[in-house]
Amino acid sequence: METIDAEIQGLDEQSQQQGILGLKRIIEQRSSIEGDPDRMGIYLLVDWDGNYVAGNLPHWPDADLLPDSTLRFSFETVASNNRVIQRWVSAKAFVVSQKFRLLVGRDITEKQRTQQLLWSSVLVGTSVMILLGLGGGFVVSRWTLGRIELINRTTTAIMGGNLGKRIQVEGGGDEFDELATNLNAMLERIQRLLAGMREVTDNIAHDLRTPLSRIRSRIEVAMMHDLSSAEAHELLEATVQDADKLIETFNALLNIARAEAGSQRSEWEEIGLCDLARDVVELYEPLAEVKNITLRLEAKEGVSIIGSRQLVAQALANITDNAIKYTPENGVVTVTISDEPSPTILVADNGPGIAANLREKALERFVRLDPDRSSPGNGLGLSLVSAVARLHEAKLTLDDNNPGLRIAISFRRPSSR
């Protein structure tokens with residue numbers, strides 16, 4: 001519009017200087033210029049009655065008046081190939097000498113076509129996007145609901161008692177596959193825990209039934225017969241031994257629970273492993289001598305950790321007791337304290353050892369590797385060792401000693417104060 005305003009101002013000045021005839025001559029010159037139709041000016045000079053005077057329009061157009069006083073209209077022209085083309089014009093009109101009207105405009109056909117093309121593109125694009133969005137949303141929602149329904153069916157089957165059921169993993173690596181993998185791992189863990197609880201319950205029932213049955217039998221015998229002082233003393237002594245085994249079992253369970261709960265962290269202190277190992281070895285030397293077993297201590301001085309003295313001592317005592325229990329006569333049990341690469345307790349024997357595929361199972365509660373459970377003990381020794389290692393964030397390893405077993409607990413090195 002600035003171009004039209006500037007041209008109107010120029011033509012108004014020409015009309016004042018040269019009059020209507022001069023203005024008519026200028027309009028005829030400008031209307032006859034050949035060039036790009038999109039760049040050509042549109043001119044029309046008429047008298048007050050609307051009669052044509054000069055210009056490249058045959059008559060005053062029927063135009064729409066826009067809010068900015070701009071006239072918008074269209075007219076038809078014939079192209080060189082005799083095709084009729086509709087052209088759009090944006091123009092302004094003003095009065096000349098109080099007797100004539102002059103219209104000055106510019107062809108905006110290409111601009112109009114571009115706007116129409118843009119609007120058409122926007123409408124088509126929006127329609128396509130809406131259709132794609134609706135279609136994609138429908139497909140995704142059906143796919144999502146299908147995956148969720150599959151998970152629901154699987155969990156329903158599991159709640160119905162089929163604990164071996166697992167959620168299908170499609171293999172696409174998406175979030176649903178990740179969720180299914182995590183849920184399956186959780187279900188595996190739960191199934192193992194339930195199986196472990198059943199096994200522990202069975203083992204507890206087996207281990208406690210025998211001493212309780214013996215205690216009951218002795219009491220019944222005592223009630224049915226008049227016992228001598230010696231017989232009563234012998235019966236009570238045997239009953240006390242069975243009661244001690246029951247108390248030992250429950251104490252071991254309590255120690256494992258306390259170690260797993262970490263309830264003794266407030267009581268932790270700096271522990272010298274050499275002194276602790278020396279005390280444990282002195283405690284078990286008589287038992288080793290009875291079996292004619294050599295119990296040796298190889299300890300490096302100055303090795304220390306931060307932890308619970310009672311639990312670490314109990315763990316070392318359990319390992320040493322097991323080593324002496326399963327080492328044959330004339331065997332050797334070695335307790336080693338080292339500082340490389342970290343503070344480590346190592347107990348090695350030359351007994352039968354534990355098969356590699358049974359070492360993880362040997363750390364579970366109430367697990368005995370003899371099927372008839374005739375060996376002494378309650379199956380809680382290595383379980384306590386494992387719980388103590390987890391509490392102290394230590395690494396527990398069971399390896400071959402060729403022959404025998406090597407059990408090592410590698411602790412974290414204490415931070416410098």
Side-chain angles (χ1 to χ4, degrees), residues 1-5 35-42 56-93 103-191:
M1 287 300 101
E2 290 83 358
T3 303
I4 294 177
D5 290 337
D36 186 357
D38 298 335
R39 295 178 178 273
M40 288 179 60
I42 303 298
N56 50 14
L57 285 178
H59 56 80
W60 194 267
D62 183 13
D64 296 328
L65 181 62
L66 302 181
D68 60 349
S69 300
T70 302
L71 299 177
R72 182 71 53 84
F73 61 92
S74 65
F75 66 96
E76 293 181 349
T77 60
V78 179
S80 57
N81 56 1
N82 295 324
R83 186 167 62 92
V84 177
I85 301 175
Q86 185 178 27
R87 311 194 70 85
W88 287 87
V89 177
S90 178
K92 282 189 175 182
L103 184 144
V104 180
R106 285 290 181 273
D107 191 307
I108 59 170
T109 302
E110 287 302 318
K111 180 180 179 182
Q112 196 76 5
R113 289 174 180 172
T114 303
Q115 289 179 347
Q116 290 177 351
L117 180 61
L118 289 175
W119 278 111
S120 300
S121 300
V122 169
L123 290 176
V124 173
T126 303
S127 301
V128 171
M129 289 177 61
I130 292 175
L131 291 175
L132 290 177
L134 291 175
F138 177 78
V139 172
V140 171
S141 63
R142 295 302 302 172
W143 177 81
T144 302
L145 291 175
R147 296 295 297 273
I148 294 176
E149 179 61 24
L150 179 62
I151 295 175
N152 286 335
R153 288 200 302 267
T154 305
T155 53
T156 301
I158 293 172
M159 288 187 293
N162 187 3
L163 298 181
K165 189 74 172 176
R166 294 295 178 266
I167 300 171
Q168 181 180 353
V169 179
E170 298 292 339
D174 55 18
E175 288 76 6
F176 279 101
D177 279 350
E178 184 177 357
L179 175 63
T181 301
N182 292 334
L183 289 176
N184 288 338
M186 180 186 69
L187 292 172
E188 289 285 350
R189 173 71 171 168
I190 292 174
Q191 188 176 19

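Residue numbers start at 1 and run along the sequence shown.
- Between T126 and the choices V124, V128, V122, the side-chain contact (heavy atoms from CB on, under 4.5 Å) rule is met once, by V122.
- T181 contributes atom OG1, which lies 9.5 Å from atom CD1 of I167 (distance to the nearest 0.5 angstrom).
- For the residue pair G105 and A91, the shortest heavy atom distance occurs at CA-CB, 3.5 Å.
- Atom-to-atom distance recorded for K165:NZ and N184:CG is 11.0 Å, nearest 0.5 angstrom.
- Around CD of E175, the count of heavy atoms belonging to other residues, nucleotides or ligands within 6.0 Å does not exceed 12.
- Other residues, nucleotides and ligands place more than 12 heavy atoms under 6.0 Å from the CD atom of Q115.
- The distance from the CD atom of E110 to the CZ atom of R87 is 7.5 Å, given to the nearest 0.5 Å.
- Taking every heavy atom of both residues into account, S90 and I108 meet most closely at CB-CD1, 3.8 Å.
- Ion pair R72/D64 not flagged as a salt bridge, since none of the NZ, NE, NH1 or NH2 atoms sits closer than 4.0 Å to an Asp/Glu carboxylate oxygen.
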Evaluate the criterion side-chain contact (heavy atoms from CB on, under 4.5 Å) for residue pair F73 and D62; output intermediate values, then yes/no.
CA-CA 7 Å; F73 61 92; D62 183 13; over 6 Å; no

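- In this structure the side chain of T154 never reaches within 4.5 angstrom of the side chain of L183, judged on heavy atoms.
- When side chains are defined from C-beta on, L103 counts as touching P61, because their heavy atoms get closer than 4.5 Å.
- T156 and N152 make their closest contact through OG1-O, 2.7 Å (heavy atoms, listed as atom of the first residue, atom of the second, distance).
- Distance CG/N182 to CG/L187: 11.0 Å, rounded to 0.5 Å.
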Taking it one step at a time, do K92 and T70 satisfy side-chain contact (heavy atoms from CB on, under 4.5 Å)?
CA-CA 5 Å; K92 282 189 175 182; T70 302; 3.8 Å; yes

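- To the nearest 0.5 Å, atom CD1 of residue I42 and atom CG of residue L71 are 13.0 Å apart.
- Looking at S141, its side chain does come within 3.5 Å of a backbone N or O of F138 through a donor-acceptor pair.
- With rounding to the nearest 0.5 angstrom, the CD atom of Q168 is 9.5 Å from the CZ atom of R153.
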